[in-house]
Amino acid sequence: MLSVGQFFSRHTASFLISLSTVSIAAFAASPGYFIGSLLFAGTYASSTTLLKHRQKKKFMQIAGITKEEYKHIETQLTAANKNIQTLSQNYLRVRSVSAFKQLLEMTRISKNIVKIVKTDPRKFYNVEQFFYAHLPSAVELTDKYTMLSRQPVKDKEIQITLSKTRETLTDLNDTIQIDLKDALSNDIDHLQMEIEFANRSNVRRKEQLEWRGDDK
């Protein structure tokens, strides 16, 4: 759940620490090229591991989650990204324009949910069913739909199955949209409170200005 910026920052810091360590060692003891390379690699690996641990610890403190929660949510995010990748591959394989648009929309919404949870892991608990059931079901259905839609022979039974699958995917798409709203629910509530507070402040300010104008 650490960001790309944190990845680059810790590796940059590790490189500088390793370079400084080797430079000090070269000045103090003049180690050979082989020993110097081992010292650089060892310092780089250990400092990167330590910095990553500290970044995770700080992230967990800010997010208000435990180490076990972090690991669990990170596992779910990894699985979700794999499922989204499968969805992306499937919508490029379908031959129906409506199915393509549907899967494209489902993929876009799913990416947004994952991005939100990655930024604020506590929101995972607002959308647990998205990770446990809704997204995996969407992938399973699209896999079967893609397989059936590409068959050269489509009898009545296959056509009926394809139609039912499209209907189910439509329902799932609606469900995943609700998941996105659930992921944003706290932000929406907070924004509404901010808007209400701003409106009240504006009303008070307007009343004060009108009152001062009346006094004159």
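None of these values were measured; they are calculated from a predicted model.
- Note: the hydrophobic cluster containing Tyr132 also contains Leu180 (ILVMFWY, side chain heavy atoms under 4.5 Å, direct or indirect links).
- The side chain to side chain donor-acceptor pair (under 3.5 Å) with Gln102 is formed by just one residue from the set Thr142, Asn173, Thr170; it is Thr170.
- Considering only heavy atoms from C-beta on, Ile160 comes within 4.5 Å of Lys156 through its side chain.
- Note: Phe124 and His72 have perpendicular aromatic rings, judged against thresholds of 30 and 60 degrees for the angle between ring planes.
- Heavy-atom minimum distance, Ile116 versus Lys123: CG2-CD, 3.6 Å.
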Apply salt bridge (charged side-chain N to carboxylate O under 4.0 Å, His left out) to residues Arg108 and Glu105 and explain how you reach the verdict. CA-CA 5 Å; Arg108 184 183 66 82; Glu105 176 71 6; 2.8 Å; yes
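- Here the OG atom belonging to Ser137 is positioned 12.0 Å from the CG atom belonging to Asp171, to the nearest 0.5 angstrom.
- The two atoms that bring Ser88 and Thr107 nearest to each other are OG-CG2, 3.4 Å, heavy atoms only.
- Taking each heavy atom of Ala138 and Met106 in turn, the nearest pair found is CB-SD, 3.4 Å.
- Counting only heavy atoms from C-beta outward, the side chains of Thr165 and Thr161 approach each other to under 4.5 Å.
- The closest side-chain heavy-atom distance from Phe131 to Val117 is below 4.5 Å.
- Of all heavy-atom pairs between Leu77 and Lys118, the closest is CD1-CA, 4.0 Å.
- Shown here for Pro136 and Phe130, the closest heavy-atom pair between the two residues is CD-O, 3.7 Å.
- For Glu140, the CD atom sits in a loose shell: 12 or fewer heavy atoms of surrounding residues, nucleotides or ligands are nearer than 6.0 Å.
- To the nearest 0.5 angstrom, Leu169 atom CG is 9.0 Å from Ile176 atom CD1.
- Lys181 contributes atom NZ, which lies 15.0 Å from atom CG of Asn126 (distance to the nearest 0.5 angstrom).
- Closest approach of Val127 to Ile113, counting heavy atoms only: CG2-CG2, 4.2 Å.
- A heavy-atom distance below 4.5 Å is found between the side chains of Leu87 and Leu135.
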I would like to know whether Asp174 and Ile178 meet side-chain contact (heavy atoms from CB on, under 4.5 Å); could you show each step before the answer? CA-CA 6 Å; Asp174 293 340; Ile178 294 173; 5.6 Å; no
